[in-house]
Amino acid sequence: MIRIQALTKRYGRFAALEGLDLHVPAGETLVLLGPNGAGKTTAIRALTGQLRPTSGRVFLTGLDVWREPVAAKRLFGYVPDRPYLYGKLSAVELLRFVGRLYRMAEARIEARIEKLLAEFRLERFASALIETYSHGMRQKLTFAAALLPEPRVLVVDEPMVGLDPLAARTVRELLAGYSKPQRAVLFSTHQMELAEAVADRVALLHEGRLRLLGTPEELRTAYGDASLEEIFIRLTEDAAGVEPTPENPAP
Amino acid sequence: MLNLRLKILLHSLATRPLAALVASLLSATVAILGYQGTLAFLKFLSNYPFAARAVEVRSLEGLFLVLSAAVLLSALPGALSVLYDSRDLPLLLAWPIPASRIFAFKVLETFATTALVPTLLTLPVLYALGAYHAAHPAYYLIATATTLGLYALPVGLGVALALPLVRFAPAGRAREWAGAVSAVLGGAMVYGLRALRPEALIRQEFASETALVEFIRHFQNPSAPFLPSAWAARAVEAALAGVRLPAPLALLLTLAVGVLLVSSLAAGFAYQAGWVRGLEGASVLRRARPPSLWERLLARLGPVGALWIRDLRLFVRDPNQVAQLMLVFVLILLYITSLAAIPLEGAVFVKALGFMHLAFQGLVIAGVGVRLAYPLYSFEGPGYWIVDTGPVSHLGLLLSRYALALLLLLPLGIALGWYAPSAIGLVSELRTISLISALASVVGLAALGVGLGAIWPNRQATNASEIPMSLGGMLYMLLGTIYAIALAVLDTRPVYWAISGHGGFLNESEGLLWLTAVLALTLVITTTSLSLAHLKSS
């Protein structure tokens with residue numbers, strides 16, 4: 001469903017992403033892990049048509065995001081790491097705007113808005129201007145906007161920032177279940193527990209390269225029953241040249 | 001703090017060396033043009049020694065007044081965002097630096113964001129004045145101090161007015177109120193231009209030498225002596241005459257420093273005492289309302305309709321934009337009433353004034369376009385990702401911005417192209433020429449504004465007035481002015497035709513040639529601007 005082929009993004013001599021290959025089939029939730037500056041957001045921006053790659057291609061259900069952008073963009077919903085929205089619109093106005101961009105029928109837009117606002121507990125603030133929303137409310141509204149057209153692919157960059165516990169549980173359930181049976185979810189996070197809880201597979205990026213790919217169980221088995229967090233620290237420290245210690249041995 | 005800001009500036013210049021170079025060259029060009037233009041104007045005035053000094057003082061006063069009004073217009077919203085709403089304030093206040101220093105620095109920052117450009121526009125004019133009159137070296141210091149003092153006053157006033165706004169405006173409404181207040185103040189100051197009564201120059205009939213001397217004496221007295229712009233003009237004139245510390249300058253500087261000092265102390269107190277309720281909002285319980293009729297009608301146009309619905313909502317809810325619109329309305333009213341007030345005897349004078357209007361209208365549309373058409377891409381703001389990741393083609397987005405720019409500039413084009421010539425009393429044929437020329441300006445300048453705005457967007461600007469302060473904004477003004485002048489040059493032919501007593505210009509082959517040239521010029525600027533923008537975005 002999502003296919004990333006030899007994706008490279010360079011800024012002069014600095015490579016933010018180097019030859020990334022990934023495939024996320026229908027029914028799968030793939031989590032991108034990696035320290036700050038690993039290339040997760042760069043990969044997501046190239047995938048969502050915001051950042052033109054230096055080389056490589058990105059396909060969504062066979063459509064090249066950079067060659068057929070409008071058709072490809074109709075297939076995914078996107079939640080960025082920072083929920084910048086139009087402060088002078090209300091939630092319902094923003095959602096109608098998004099629905100119309102996706103050419104949804106007016107009746108369907110209204111039905112979906114009602115359902116999503118209730119799901120994210122925003123219905124009481126539906127006509128209040130977004131500029132009066134808290135960070136968490138904006139994040140929830142961004143999720144509602146991404147889910148409005150019922151996209152086949154959901155792409156999320158750091159989903160849990162600013163969410164209250166109730167909203168966090170809603171989002172966790174959403175990320176775990178949305179891909180089943182015929183959709184795909186790709187999201188990046190720093191929260192290892194979240195990755196372990198919802199990921200079908202995990203991809204670890206470091207310094208722009210793919211270092212590790214597999215299901216959480218496969219990775220735990222390969223690294224002596226270590227948690228994802230331990231594996232993450234070992235791999236990123238090894239790559240940074242940290243000497244292994246008895247407390248922190250090399251795999 | 002100043003060091004930190006300078007480093008940030010240097011780093012941003014170093015990351016975009018070409019843009020920095022072009023911006024520097026453009027700024028230098030504008031400064032040289034201002035300097036040389038002033039010298040040329042003064043040389044021209046020297047041909048009329050009986051009126052030269054009076055016109056010089058009045059022109060200086062007019063320049064000071066117009067630029068002070070521009071500073072005042074953006075000072076209040078600027079003070080709100082810099083003093084109370086800037087993102088670095090919480091961090092700065094957490095550092096071991098006295099709060100008074102931080103807020104004094106913030107006042108300086110407000111000055112830089114709102115008054116720096118007017119200051120840089122004024123100084124070449126004043127230096128040219130000094131060079132022309134072979135002024136003493138101290139003059140240049142006095143002229144610089146006068147300029148800084150003059151523009152510090154509206155900045156201080158903006159800072160002072162921001163305080164009651166953040167305290168007493170309804171929760172979350174301080175910015176809206178700031179927009180309205182600054183529009184009213186700016187409009188009032190611009191209306192002060194009428195106090196200069198420029199038409200008085202041509203209204204007089206000088207039957208005798210005594211009448212002429214009496215008129216000159218009356219004309220050079222400041223018509224609005226309580227306006228700081230009049231004090232500044234007096235200070236510059238006194239410095240030219242060799243006075244080392246002119247009294248108006250002392251008054252101006254004392255007042256400016258006093259206002260800045262008191263208002264920065266008050267701002268620090270207000271922020272730390274939590275008086276900024278007018279900037280904070282609270283989510284109100286409001287359930288979903290059904291879409292209105294106009295929204296349902298526009299929604300039928302698909303994504304383009306959705307973009308327009310969003311744009312119209314964001315536009316009318318943005319106090320800065322509404323304030324701009326109100327100010328443009330005041331300016332156009334002022335322009336047309338001023339034209340109508342000029343006493344014209346004889347058809348030749350009417351046609352000559354008509355040509356001046358024809359030459360001027362393109363420049364007016366270019367000036368308005370820099371605030372209404374150029375920022376349309378930047379208005380997407382940080383929320384641009386919504387459109388960028390949505391199923392909207394870049395071409396569709398570009399054309400929807402262009403259509404909106406046309407919608408915003410078209411009423412202005414009609415007012416200038418049709419209503420103003422009617423107010424002057426131009427003959428029907430020249431009215432048609434004026435309308436065609438104004439519409440061509442609208443079509444070309446809307447494309448130029450949207451195109452350059454798409455190539456150099458500034459989506460991080462907190463205030464609409466910041467958006468054109470960029471390489472793209474300067475290029476727009478330069479190319480827009482060239483385009484307006486080119487149209488004016490083309491318009492000389494039909495005006496000459498009319499002044500020579502001929503009629504039916506548009507029915508002749510020469511008229512057809514003129515129309516083709518206007519269309520070709522407009523088509524070139526429109527398609528080039530939009531094509532370049534499309535290439536850049538796709």
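If you're wondering where the values come from, they're calculated on a predicted model, not measured in any experiment.
Most heavy-atom pairs under 4.5 Å with chain B, from the set A:Leu89, A:Val92, A:Leu85: that is A:Leu89. Most heavy-atom pairs under 4.5 Å with chain B, from the set A:Arg96, A:Arg103, A:Glu106: that is A:Arg96. Between chain A and the options B:Gly302, B:Ala299, B:Pro303, B:Gly383, the largest number of non-hydrogen pairs under 4.5 Å is found for B:Pro303. Heavy-atom pairs under 4.5 Å with chain B were tallied for A:Trp66, A:Tyr78, A:Tyr86; the largest tally goes to A:Tyr86. Of the listed residues (A:Pro83, A:Gly49, A:Pro80), the greatest number of heavy-atom pairs within a distance under 4.5 Å of chain B belongs to A:Pro80.
With a 4.5 Å cut-off on non-hydrogen atoms, A:Val70 touches chain B through its backbone and its side chain both. The contact between A:Arg52 and chain B is made entirely by side chain atoms (from C-beta outward), counting heavy-atom distances below 4.5 Å. Interface residue A:Val98: only side-chain heavy atoms are found under 4.5 Å from chain B. Within the 4.5 angstrom heavy-atom criterion, only side-chain atoms of A:Glu110, from C-beta onward, approach chain B. Both the backbone and the side chain of A:Arg74 come within contact range of chain B, each with at least one heavy atom under 4.5 Å from a heavy atom of that chain. For A:Ile113, no part sits under 4.5 Å from any heavy atom of chain B, backbone or side chain. For A:Ser90, the part lying under 4.5 angstrom from a heavy atom of chain B is the backbone only. With a 4.5 Å cut-off on non-hydrogen atoms, A:Gln50 touches chain B through its backbone and its side chain both.
Between A:Glu131 and B:Arg317, none of the side-chain N atoms (NZ, or NE/NH1/NH2) sits under 4.0 Å from a carboxylate O, so this pair counts as no salt bridge. Note on A:Lys180 versus A:Asp200: salt bridge recorded, some NZ/NE/NH1/NH2 to OD/OE distance being below 4.0 Å. A:Lys88 and A:Glu93 are not joined by a salt bridge, as no carboxylate oxygen comes within less than 4.0 angstrom of a charged side-chain nitrogen. A salt bridge does not link A:Lys40 to A:Asp81: none of the charged nitrogens lies less than 4.0 Å from a carboxylate oxygen. Ion pairing between a basic and an acidic side chain is recognised when a charged N comes within 4.0 Å of a carboxylate O; B:Glu295 and B:Arg313 show such pairing.
With a 6.0 Å cutoff to the six-membered ring centre and a 45° limit on the axis angle, A:Arg183 counts as a cation-pi contact of A:Tyr178. Taking the centre and axis of the six-membered ring of B:Tyr384, the NZ or CZ atom of B:Arg459 falls inside the cone set by 45° and 6.0 Å.
Sequence neighbours left out, the pairs with a member in residues 377-400 of chain B that pass salt bridge (charged side-chain N to carboxylate O under 4.0 Å, His left out) are B:Arg310-B:Glu380, B:Glu380-B:Arg401.
Taking the centre of each ring, B:Trp456 and B:Tyr377 stay at or above the 6.0 Å mark.
Ring orientation note: the planes of A:Phe143 and A:Phe120 are close to parallel, at an angle under 30° on the 30°/60° scale.
Annotation: the span from A:Lys140 atom NZ to A:Ser134 atom OG amounts to 7.0 Å, rounded to 0.5 Å.
Checked by atom type and distance alone, the side chain of B:Ser378 never pairs as donor or acceptor with a backbone atom of B:Pro457 at under 3.5 Å.
Using a 4.5 Å cut-off between non-hydrogen atoms, no part of residues 21-28 of chain A approaches chain B.
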